[in-house]
**Student:** 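I have a structure here, written as structure tokens, and I will follow up with some questions on it.
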Amino acid sequence: MLSLFLVAFASATLLPGGSEVWLARQWCLGQPLLGLWLVATCGNTLGSLVNVWLGRYARRFQDRRWFPASREGLARAERWYHRFGEWSLLASWAPLIGDPLTVLAGVFRLPWWRAVLLITLAKGTRYAVVLALAQAWLAPLCD
């Protein structure tokens with residue numbers, strides 16, 4: 001289970017990973033369903049919270065010349081994000097777009113409790129679907 005936690009954690013950061021495959025493998029090996037779901041969800045959520053923290057830290061550099069957005073552009077994007085963007089974290093489970101969404105949540109200072117709630121909901125739902133698909137399709141292959 002520790003390996004699943006580490007793979008899920010790394011997969012949620014900006015590092016590449018395949019936590020779904022590892023989760024399905026662990027399920028095939030007979031690990032308890034609820035334990036798998038909890039470990040994968042916690043690991044992946046904590047990895048995404050690292051991204052949120054990195055986004056908050058990146059904001060310290062907004063006055064540097066190399067920072068990718070102007071002060072005005074950042075303020076405009078922040079107003080939009082606080083109005084509509086926090087719900088985008090429900091897509092934090094998605095490949096390619098999920099990690100940047102969590103970084104943006106940090107850049108735009110989404111309150112931690114909201115980030116935790118939305119990210120956990122997204123990640124937990126994804127792993128529940130992966131486990132349901134594993135039960136439906138992989139059971140004959142696991143024997």
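Starting from 1, each residue takes its place in the sequence as its number. No hydrogens, no waters, no symmetry mates; every other heavy atom, side chains included, goes into these values.
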**Student:** Going hydrophobic residue to hydrophobic residue with side-chain gaps under 4.5 angstrom, can you get from Val103 over to Trp87?
**Tutor:**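 Shared cluster, yes.
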**Student:** Enter the distance from Thr45:OG1 to Leu118:CG here, rounded to the nearest 0.5 Å.
**Tutor:**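 Interatomic distance, Thr45 OG1 to Leu118 CG, rounded to 0.5 Å: 11.0 Å.
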**Student:** For Leu101 and Leu89, work out which heavy atoms get closest and say how close.
**Tutor:**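 Scanning both residues completely, I find the closest heavy atoms to be O-CD2, 3.7 Å.
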**Student:** Taking side chain as C-beta onward, heavy atoms only, is Leu133 less than 4.5 Å from Val130?
**Tutor:**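 The answer is no; the side chains never approach within 4.5 Å.
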**Student:** Looking only at non-hydrogen atoms, find the nearest pair between Leu36 and Met1 and report the distance.
**Tutor:**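 Looking at all heavy atoms of both residues, the closest pair is N-CE, 3.8 Å.
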**Student:** Output, in order, the C-alpha distance, side-chain angles, deciding distance and verdict of side-chain contact (heavy atoms from CB on, under 4.5 Å) for Leu38 and Leu34.
**Tutor:** CA-CA 6 Å; Leu38 284 170; Leu34 182 59; 4.1 Å; yes
**Student:** Over all heavy atoms of both residues, which pair between Gly106 and Arg56 is shortest? Give the atoms and the distance, please.
**Tutor:**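 Nearest heavy atoms, Gly106 then Arg56: O-CG, 3.1 Å.
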**Student:** What heavy-atom pair brings Ser11 and Ser19 nearest, and what distance separates the two atoms?
**Tutor:**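 Looks like OG-N, 3.4 Å.
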**Student:** Please report the interatomic distance CD(Glu86) to CZ(Arg114), rounded to the nearest 0.5 Å.
**Tutor:**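 Taking CD in Glu86 and CZ in Arg114, the distance rounds to 4.5 Å.
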**Student:** Taking the side chain as C-beta and beyond, is there a heavy-atom pair between Tyr127 and Leu23 under 4.5 Å?
**Tutor:**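 They are in side-chain contact.
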**Student:** Is it true that Val129 and Val39 fall in one hydrophobic cluster, defined by side-chain heavy atoms closer than 4.5 Å?
**Tutor:**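 Each belongs to a different hydrophobic cluster.
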**Student:** Hey, what do you get for CH2 (Trp27) to CG (Leu138), rounding to the nearest 0.5 Å?
**Tutor:**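 Trp27 atom CH2 to Leu138 atom CG measures 6.0 Å (nearest 0.5 Å).
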**Student:** Between Glu20 and Arg126, does any NZ, NE, NH1 or NH2 come within less than 4.0 Å of an OD or OE carboxylate oxygen?
**Tutor:**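 So Arg126 pairs with Glu20 through a salt bridge.
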**Student:** Could you measure the distance from the OG atom of Ser92 to the CG atom of Asn51? Nearest 0.5 Å is fine.
**Tutor:**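 Between atom OG of Ser92 and atom CG of Asn51 there are 10.0 Å.
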**Student:** Any chain of hydrophobic side-chain contacts (each under 4.5 Å) joining Leu90 to Trp112?
**Tutor:**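 Cluster IDs for Leu90 and Trp112 match.
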**Student:** Hydrophobic clustering (ILVMFWY, side-chain heavy atoms < 4.5 Å, transitive) - are Phe108 and Ile97 grouped together?
**Tutor:**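 Looking at the clustering, Phe108 is in the same group as Ile97.
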**Student:** Side-chain donor-acceptor pair under 3.5 Å between Lys123 and Ser48, yes or no?
**Tutor:**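 Yes.
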**Student:** Can you measure from CG (Leu104) to OH (Tyr81) and round to the nearest 0.5 angstrom?
**Tutor:**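 It is 6.5 Å, given to the nearest 0.5 Å.
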**Student:** Of the non-hydrogen atoms in Ser3 and Trp22, which two are nearest, and what is the gap between them?
**Tutor:**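 Taking Ser3 first and Trp22 second, the nearest heavy atoms are OG-NE1, 3.0 Å.
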**Student:** Quick one, Phe9 and Val50 - any side-chain contact, counting heavy atoms below 4.5 Å?
**Tutor:**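 Counting from C-beta outward, Phe9 and Val50 do come under 4.5 Å.
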**Student:** Would you say the side chain of Leu33 lies within less than 4.5 Å of the side chain of Gln135, judging by non-hydrogen atoms?
**Tutor:**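 Gln135 vs Leu33: side chains touch.
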**Student:** Mind listing the closest non-hydrogen atom pair of Thr41 and Gly124 along with its distance?
**Tutor:**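 In this case the closest contact between Thr41 and Gly124 is OG1-CA, 3.5 Å.
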**Student:** Side-chain heavy atoms under 4.5 angstrom apart, residues restricted to Ile, Leu, Val, Met, Phe, Trp, Tyr: same cluster for Leu131 and Leu141?
**Tutor:**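 Hydrophobic grouping puts Leu131 with Leu141.
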**Student:** To the nearest 0.5 Å, how far apart are OG in Ser88 and CG in Leu110?
**Tutor:**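 Nearest 0.5 Å value for the OG-CG distance: 8.5 Å.
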**Student:** Using the six-membered ring wherever Trp is involved, compare the ring planes of Tyr57 and Phe61 and label them parallel, tilted or perpendicular (cut-offs 30° and 60°).
**Tutor:**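 Rings of Tyr57 and Phe61: perpendicular, as their planes differ by over 60°.
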**Student:** When you compare the side chain of Ile119 with that of Val52, does any pair of heavy atoms fall below 4.5 Å?
**Tutor:**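 The answer is yes, as the side chains (C-beta and beyond) meet within the 4.5 Å cut-off.
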